[in-house]
There are 2 protein chains.
Amino acid sequence: MSAAHTDVPSVLAHELPRPVPAAEFAACPVTEVFRRVGDKWSMLVVIVLGQRPHRYNELHRAIEGISQRMLTRTLRGLEADGLVDRTVAATVPPSVSYSLTPLGRSLLEPLSALADWAVAHAGAFGRRA
Amino acid sequence: MSAAHTDVPSVLAHELPRPVPAAEFAACPVTEVFRRVGDKWSMLVVIVLGQRPHRYNELHRAIEGISQRMLTRTLRGLEADGLVDRTVAATVPPSVSYSLTPLGRSLLEPLSALADWAVAHAGAFGRRA
DNA sequence: CCGTATCCGATTTGATACTG
DNA sequence: CAGTATCAAATCGGATACGG
C-alpha cells in the first residue's frame, strides 16, 4: 500500500470529498438502500428471485428459515420499493407468482460485487479476534 | 434486456445455480456481511473513515445524528471485525484516532458499486408508490 | 394455496447523565 | 477528550392460529 488511503472510485469520491457536512449524509443514498434491503430476508429473496420467478410457497420452501409473516412482509416491502412484481393468476386454487422487476434485476449486479468481496475475505472477516 | 432474466455475474451465479437448497443460504457470505455491516451506522462510519482517519469527536460531529452510545458500539464492532483500527495517543488530553484497516479500505470498493446503483436509481427507489 | 391477525420475546436504538 | 451506565422506546422477528 503506497498511497495514504485507497482511492475510492465512483460516486463515493465524488459525493464525499471533504470533512463531510453530515446533514447530507442523512440522505445518503447508500444508507437509504441498506435501510430498505438490509433487513434479515430481503436480499435473500432478491437473490432467489434472481434465479427465476417463484410462487409464494416455493419461496417459503426455498428460503426455509423464514416465517410466513416475514415472507409476506418482505415481499410487500420489495414490492413497494419497485423491486418485485406480484402476479396473481385467477385459477383454482389461486396462484401468485413473484418476480424481479427490471429495477430488481439491476440490483443483482452491485449485490454481486459485495458478494465477491464477502467470499474473498470470508476468512479474515467473520472471525471476531 | 433480451434474455429472460439478467445473467448474474460473479459468485452469485456460481454459488446459487439452482432451486436453492436453502440450508446453504444461511451461511451465505453476502448475508453474513450484511448482518454485520448492515446496521444503522456501520457503513456510514466506514465511508467517513474512507476519506481520512478521524478522532472520536470528529466522527461524532461528522455523522451528527449518531449518539455517543451507538458511535462507540459501532466502532467496537468494526474493530472486532478487523475493518477499523483504533490508535490511542497518550497525550493530555487523550486523543484516539480511528482509521480503516486494509480490509476496511477494500470494502470501500464494493460499497461504491452499491452506491452507484443507489444514486442511479434514487428516483425510482425511495418513493414508495 | 395464499395469505392475515395476534401475541410475545429478542434485538436495536435513542436520551440522558455521569466519569477518568 | 473519550468514553460508560442506565433506562425507556421502537423495531424486528418467530410461533401459532385463523380466513378467503
Side-chain angles (χ1 to χ4, degrees), chain A residues 19 22-23 25-26 28 31-46 48-49 53-81 84-99 128, chain B residues 22-23 25-26 28 31-46 48-49 52-81 84-99 128:
Chain A
F25 251 131
C28 173
T31 306
E32 271 300 300
V33 172
F34 262 75
R35 300 299 284 270
R36 303 218 182 224
V37 190
D39 58 76
K40 192 171 182 180
W41 303 107
S42 289
M43 290 202 315
L44 236 40
V45 172
V46 168
V48 170
L49 289 182
H54 283 67
R55 287 178 306 126
Y56 183 86
N57 276 351
E58 273 186 316
L59 280 173
H60 197 197
R61 281 188 296 271
I63 299 184
E64 187 166 8
I66 200 172
S67 63
Q68 282 189 323
R69 173 185 148 91
M70 287 317 295
L71 178 54
T72 301
R73 280 176 66 97
T74 301
L75 287 169
R76 294 284 179 273
L78 293 172
E79 228 187 311
D81 285 334
V84 161
D85 250 355
R86 179 175 181 271
T87 309
V88 183
T91 57
V92 177
S95 173
V96 180
S97 176
Y98 293 93
S99 59
R128 301 197 168 232
Chain B
F25 252 131
C28 173
T31 307
E32 270 300 300
V33 170
F34 263 75
R35 300 301 281 270
R36 303 215 183 226
V37 190
D39 58 76
K40 194 171 183 181
W41 304 107
S42 288
M43 289 202 315
L44 234 41
V45 171
V46 168
V48 170
L49 289 181
R52 56 174 175 80
H54 284 67
R55 287 178 305 127
Y56 184 85
N57 277 350
E58 273 185 317
L59 281 173
H60 197 198
R61 281 187 297 270
I63 299 182
E64 189 166 8
I66 200 171
S67 64
Q68 282 189 321
R69 174 186 148 88
M70 287 316 296
L71 179 54
T72 300
R73 280 176 66 96
T74 301
L75 286 169
R76 295 283 181 271
L78 294 173
E79 228 187 311
D81 284 335
V84 161
D85 251 353
R86 180 175 180 270
T87 309
V88 182
T91 57
V92 177
S95 174
V96 179
S97 177
Y98 292 92
S99 58
R128 300 195 168 235

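The chains referred to below are lettered A, B, ... by the order of the sequence lines, with proteins before strands, and numbering in each begins at 1. No experiment lies behind these values; they were computed from the predicted model shown.
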Closest approach to the side chain of [X], judged atom by atom: which nucleotide of [options] is it?
X        : options                  : value
Trp41(A) : dG14(D), dT13(C), dG3(D) : dG14(D)
Arg86(A) : dC1(C), dG14(C), dG3(C)  : dG3(C)
Tyr56(A) : dG3(D), dC2(C), dT13(C)  : dC2(C)
Lys40(B) : dG13(D), dT13(C), dT4(D) : dT13(C)
Ser67(A) : dG14(D), dT13(C), dC1(D) : dG14(D)
Arg55(B) : dG3(C), dA2(D), dC1(C)   : dA2(D)
Met70(A) : dG3(D), dC1(D), dG14(D)  : dG14(D)

Would you mind reading off the distance between [X] atom [atom1] and [N] atom [atom2], rounded to a whole angstrom?
X        : N       : atom1 : atom2 : answer
Leu71(A) : dC1(C)  : CG    : P     : 14 Å
His60(B) : dT4(D)  : NE2   : P     : 13 Å
Glu79(A) : dC2(C)  : CD    : P     : 14 Å
Asp39(A) : dT11(C) : CG    : C1'   : 14 Å
Leu59(B) : dG3(D)  : CG    : P     : 10 Å
Phe34(A) : dT13(C) : CZ    : P     : 14 Å
Arg36(A) : dC12(D) : CZ    : P     : 12 Å
Leu75(B) : dC1(D)  : CG    : C1'   : 14 Å

Which ranges of DNA chain D pair up as stems, where a stem means three or more consecutive Watson-Crick or G-U pairs with both distances under 3.5 Å?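 Stem list for DNA chain D: C:3-20 with D:1-18.
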
What's Thr72(A) touching, base or sugar-phosphate or nothing? Going by heavy atoms closer than 4.0 Å.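 Since a base atom lies under 4.0 Å of Thr72(A), the category is base.
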
Are the charged groups of Arg35(B) and Glu32(B) less than 4.0 angstrom apart, N to O?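 A salt bridge is absent here (no side-chain N lies under 4.0 Å from a carboxylate O).
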
Member of Val84(B), Thr87(B), Leu78(B) meeting the side chain to side chain contact (heavy atoms under 4.5 Å, CB included) criterion with Tyr98(B):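 So, applying the side chain to side chain contact (heavy atoms under 4.5 Å, CB included) to Tyr98(B) and each of Val84(B), Thr87(B), Leu78(B), only Val84(B) qualifies.
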
Quick one: pull up CG in Leu59(A) and OG1 in Thr74(A) and give me the separation to the nearest 0.5 Å.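 Here the interatomic distance stands at 10.0 Å.
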
Can you measure from CG (Leu49(A)) to CG (Leu75(A)) and round to the nearest 0.5 angstrom?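 Those atoms lie 7.0 Å apart.
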
Restricting both atoms to N or O, compile the protein contacts to nucleotides 18-20 of chain D shorter than 3.5 Å, with distance only.
none

With side chains defined as the heavy atoms from C-beta onward, is the minimum distance between [X] and [Y] less than 4.5 Å?
X        : Y        : result
Phe34(B) : Val37(A) : no
Leu44(B) : Ile66(B) : no
His60(B) : Glu58(B) : no
Ser42(B) : Arg36(B) : no
Met70(B) : Arg73(B) : yes

May I ask you to evaluate whether Tyr98(A) reaches the phosphate of dG3(C), defined as a side-chain N or O under 4.0 Å from OP1 or OP2?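 Looking at the OP1 and OP2 atoms of dG3(C), one of them is under 4.0 Å from a side-chain N or O of Tyr98(A).
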
Between Arg73(A) and dT4(C), is there a side-chain N or O to OP1/OP2 distance below 4.0 Å?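 No.
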
For the student: nearest non-hydrogen atoms of Val48(B) and His54(B), plus distance: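 Heavy-atom minimum between the residues: O-CE1, 3.4 Å.
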
Any donor-acceptor pair, under 3.5 Å, between the side chain of Arg69(B) and the base of dT13(C), if you only look at N and O atoms?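 In this structure, the two groups form a donor-acceptor pair.
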
